[in-house]
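Here is the structure we will look at.
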There are 2 protein chains.
Amino acid sequence: MSASALPYRTHNHSACIRQALADARTLCRANNARLTPTREQVLELIWRSHKALGAYDLLAMLAEEGHRAAPPTVYRALDFLQRQGLVHRITSLNAFLGCTHAGEQHCGQFLICRNCRNVLELTAPEVALAVGQASADEAFVAEDTVVEVIGLCPACQLSGNHD
Amino acid sequence: MSASALPYRTHNHSACIRQALADARTLCRANNARLTPTREQVLELIWRSHKALGAYDLLAMLAEEGHRAAPPTVYRALDFLQRQGLVHRITSLNAFLGCTHAGEQHCGQFLICRNCRNVLELTAPEVALAVGQASADEAFVAEDTVVEVIGLCPACQLSGNHD
DNA sequence: CGGAAAAGGTAATATTATAACATTCAATGC
DNA sequence: GCATTGAATGTTATAATATTACCTTTTCCG
Ligand SMILES: [Zn+2]
Ligand SMILES: [Zn+2]
Ligand SMILES: [Zn+2]
Ligand SMILES: [Zn+2]
């Protein structure tokens, strides 16, 4: 790996957002799922950064955009986006993140920087395999796997604003 | 693996509890940490089963034992027990579990049965390795790793009270 | 003993998430 | 077009999880 992954370097983030929204529209059309304005707005807000955002963060952002919504609105939108594979819930943060592998059949692993809070989603087959093997060794039928790594991203290791 | 792991079969669970409490006393003594009555009581309650228990479950159990405590009491005991490596937090359940590898330097993986809620803690080196390698590939410094697998334990696969 | 630090008690509150029910919207068949 | 109907959204209240702040008690150590 020569270059840092996207969240860790400055990049044309507008392009990230545009791409994510375009992919979402395509996917939802293909799945006969309705990407309504509220849902699209929440998705767009999530993609404002590569950080995971809490439901109430999103709620506040909606409010700033003049969409006075209550918690169920945001949770319902998030449920929909998760079902469509457009958003992941980061369980150790109680927060939500745009999926960078939408449409691909995948089970993500998440590298969470405790300093800048950016999250990188990986889909390392070795990890999935190792977890699958360990489960199988115990005769356990794995249905869903959460892999979340907390640590320091490459950018934050250098710019020492942390421990 | 010929025999099922402990949580999945009937066993002398009193022995589990006694062992866990004995280990805890030894460890805390070795670390100059005070395993006070409240802390020990919470640990004992956690070990009543191989399931993960919520803080408010523990609070209710304390109440049943006549220890009328408020939330901070239980959260403080849990913080202590986690710092001593005697208890793990299962983030996807917001619940807590007695560690079956107390004293060993380890980073656990958890197999969570969605039917019976029993949790098996593994310490598979291949999993830790795969995650470590995937992180390193992104120049990410991993400090803590959460691996939680939701699925069906061997016992529940047979006795079809689920889906 | 006396001071300091750790542990625990208590009340209030913050944060995250859901339940229950009413209303609006949009696709479909006639 | 228009009624039917299920999906989506609005609205209010509340549940479930966790923390803050402050005070009292206990333990440790000199
Ligand atoms: Zn993804
Ligand atoms: Zn960072
Ligand atoms: Zn453990
Ligand atoms: Zn089970």
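Predicted, not measured: the structure shown is a model, and the values here were computed from it.
With rounding to whole Å, B:Tyr75 atom OH is found 15 Å from C:dT15 atom P. Atom CZ of A:Arg83 and atom P of D:dA8 are 7 Å apart (whole Å). For the pair A:His67 NE2 and D:dT11 P, the computed distance is 9 Å after rounding to whole Å. One interatomic measurement links the two molecules: CG of A:Asn32 to P of D:dA8, which rounds to 11 Å at whole-angstrom precision. Distance, B:Arg39 CZ to D:dT27 P: 12 Å, rounded to whole Å. For the pair B:Leu35 CG and D:dT26 C1', the interatomic distance rounds to 16 Å; values are reported in whole Å. Rounding to whole angstrom units, CG of residue A:Leu59 and C1' of D:dT12 are separated by 14 Å. Protein atom CG of B:Leu53 is 13 Å distant from nucleotide atom P of D:dA18, rounded to whole Å.
Dashed line: the shortest gap from a side-chain N or O of A:Asn94 to OP1 or OP2 of D:dT17 is not under 4.0 Å.
Nearest nucleotide to the side chain of A:Thr36, out of C:dA17, D:dT9, D:dA18: D:dT9. Closest to the side chain of B:Pro71, out of D:dA18, C:dT16, C:dT10, is D:dA18. Minimum atom distance to the side chain of B:Arg89 is reached by D:dA18, of the listed D:dA18, D:dG10, C:dT18. For B:Arg34, the listed nucleotide lying nearest its side chain is C:dA6; candidates were C:dG8, C:dA11, C:dA6. Closest approach to the A:Thr73 side chain among C:dT10, D:dT11, D:dA18 is made by D:dT11 (side chain taken as heavy atoms from C-beta onward).
Below the 3.5 angstrom threshold, one finds a donor paired with an acceptor across the side chain of A:Arg76 and the base of D:dG10.
Two residues, A:Pro72 and A:Phe80, neighbour DNA chain D, and the one matched to the more 5' nucleotide by heavy-atom proximity is A:Phe80.
By the 5.5 angstrom centroid cut-off and the 30-degree plane limit, A:Tyr56 is classified as not stacked against the base of C:dT15.
Between the SG atom of A:Cys28 and the CG atom of A:Leu81 there is a distance of 7.5 Å, given to the nearest 0.5 Å. One finds the OG1 atom of A:Thr73 at 5.5 Å from the NE2 atom of A:His67 (value rounded to the nearest 0.5 Å). Here the OG atom belonging to A:Ser4 is positioned 12.0 Å from the CZ atom belonging to B:Phe140, to the nearest 0.5 angstrom. Note that CD1 of B:Ile150 and CD of A:Glu143 are 9.0 Å apart. Values are rounded to the nearest 0.5 Å.
B:Glu65 and B:Arg48 are joined by a salt bridge, as a carboxylate oxygen and a charged side-chain nitrogen come within less than 4.0 angstrom of each other.
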